[in-house]
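Remember, predicted model here, so these are calculated numbers, not experimental data.
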Amino acid sequence: MALLIRNAELNGVKTDVLIEGNRFKRIAPNIEADGAEPIDATGKAIVPSFVNAHTHASMTLLRGYADDLELHDWLTNYIWPLEAKMTEEDIYHGARLACLEMIKSGTTCFNDMYWHFHGVARAVEEMGMRAMLSSVFIDLGNTDQAAQQRELTIKLHEERRQYPDRIQFALGPHAIYTVSSESLRWVKSFSADNRLPIHIHVSETEKEVQDCLALRGIRPVQWLEKIGFLGPDTLAAHVVHVTNEEIGILARNGVKVVHNPVSNMKLASGTFPYVRIREAGIAISLGTDGCSSNNNLCMLEEMKIAALQAKVVHRDPTVLPADEVFAMATVNGAEALQVDCGTIAEGKLADCMLVDLSNPRLLPGYRLIDDLVYSADSSCVDTVICDGRILMQNGKVDGEEEIIAEARKYIKKFQ
């Protein structure tokens, strides 16, 4: 299969882009490729599609269900009780809705942590996206539950082979306050034995830090280092309440960090110490978190809020400029998930989008990346391609009406 994108603007220059299989084959003007499906990109720019590096996709079904609450109250009294009622089929429909929303706003790859691995994997496979999926590991210190979670992890690791390569498997211990130290050590060992990434929430709230200090006498990042958990395989979400010493620990261990500004603000978890983490040389990517704490999956919005929040927090308008936050949402996320995408270049995986340069939000058009970060919304996204396959064209995704109709049913089911 081949696609030939004609007359696209790339870095301000008109060019053609030939995709063969799932990679960019050639980028040059006036390409001839017999048999390739043509895409007229006149008046459009080609840019990398987004990588959402931290989310809980099927929480689309909980969007608007429990707003304006403190994190631990929100989790224990609202979210977890409702999630306990969700079946694999529910998770599947929630993940399809999430995939649709992400595609329509330019995201082709995401890093997910949620229940019912197969429900999410089925949705991702059908929707043509790329994802790193982990089943939530929570034992709450219960040894029987821990044993069940270990067995499930081993089982899912074997069953992952039924899915295409664009779906990766990861380990998903929720957090230090929901997973016992013994289980965290087991996760780390299983990760090392099978060369698997680990996706975990770290130091999201002050309560998490204070509880860790009271229980163990040291802070969360210090504790994770003490038990040998941290390493280049670790992708830590949030990382809001960290000292300079803890940042040094993360850097020394090669931990990758995901910033989630909208969720942090909505739950009043705190503000991300962007400059201190960046200056430590830690790789930073960007994620939306789930739709219960955001309440959308739009990386365009996430980029803008990340940039604006950093400027306010550091009282410096030059902090986190457009190019930097755009990289966080694209190539940084790709590198964190070990996916060979995130840039438009020959040989790279063909994950990209075409944005409509005639959209009012992109005019007059001084600098595209600035406009995408500070002005654009999903209406600017015309075409989305993942793994060399068209997922959306002219703003339309095949089957979106049925996905939306199925999602509407859940307002009655969960009430």
Mind running salt bridge (charged side-chain N to carboxylate O under 4.0 Å, His left out) on Arg150 and Asp139 for me, showing each step along the way? CA-CA 10 Å; Arg150 290 195 297 271; Asp139 64 18; over 6 Å; no
More than 12 heavy atoms of other residues, nucleotides or ligands under 6.0 Å from OH of Tyr78: is that the case? no
Aromatic centroids of Tyr92 and His116 separated by under 6.0 Å: no
Testing the basics here: between Glu400 and Leu100, what is the closest heavy-atom pair and its distance to 0.1 Å? CB-CD1, 3.6 Å
Only counting residues at least two apart or in another chain, list the ones meeting salt bridge (Lys or Arg N to Asp or Glu O under 4.0 Å) with Glu70. none
Check whether more than 12 heavy atoms from other residues, nucleotides or ligands sit under 6.0 Å from atom CG of Asp165, and answer yes or no. no
Residue of the set Gln210, Glu246, Glu225 for which side-chain hydrogen bond (donor to acceptor under 3.5 Å, both in side chains) holds with Arg219: Glu246
Would you say that more than 12 heavy atoms from the other residues, nucleotides or ligands in this model lie under 6.0 Å from the NZ of Lys304, or not? no
Tell me whether the centres of the aromatic rings in Phe169 and Phe117 are closer together than 6.0 Å. yes
What do the steps show when you test Arg23 against Glu346 for salt bridge (charged side-chain N to carboxylate O under 4.0 Å, His left out), and what is the final call? CA-CA 8 Å; Arg23 292 188 179 266; Glu346 291 177 0; over 6 Å; no
Would you please test Glu151 and Lys155 for salt bridge (charged side-chain N to carboxylate O under 4.0 Å, His left out) and show each step? CA-CA 6 Å; Glu151 289 175 11; Lys155 179 173 179 283; over 6 Å; no
Hey, could you give me the CG/CG distance between Asp323 and Asp370, rounded to the nearest 0.5 Å? 7.0 Å
Quick one: closest heavy-atom pair of Thr243 and Arg276, and the distance? C-NH1, 3.8 Å
Centroid-to-centroid, His157 to Phe190, below 6.0 Å? yes
Salt bridge (charged side-chain N to carboxylate O under 4.0 Å, His left out) for Asp387 and Arg130? Distances and angles first, verdict last. CA-CA 8 Å; Asp387 210 41; Arg130 201 182 297 284; 3.0 Å; yes
How far does OG1 of Thr60 sit from CG of Asn296, to the nearest 0.5 angstrom? 12.0 Å
Approximate separation, where rounding is to 0.5 Å, of Gln338 CD and Asp233 CG: 9.0 Å
Listed partners of His199 passing ring-ring contact (aromatic ring centres under 6.0 Å, His included), at least two apart: His54
Does the side chain of Gln222 pick up a donor-acceptor pair with the side chain of Glu245 at under 3.5 Å? yes
Are a donor atom and an acceptor atom from the side chains of Ser263 and Ser293 found within less than 3.5 Å of each other? yes
Which atoms form the tightest heavy-atom contact between Met113 and His56, and what is the distance? O-ND1, 2.7 Å
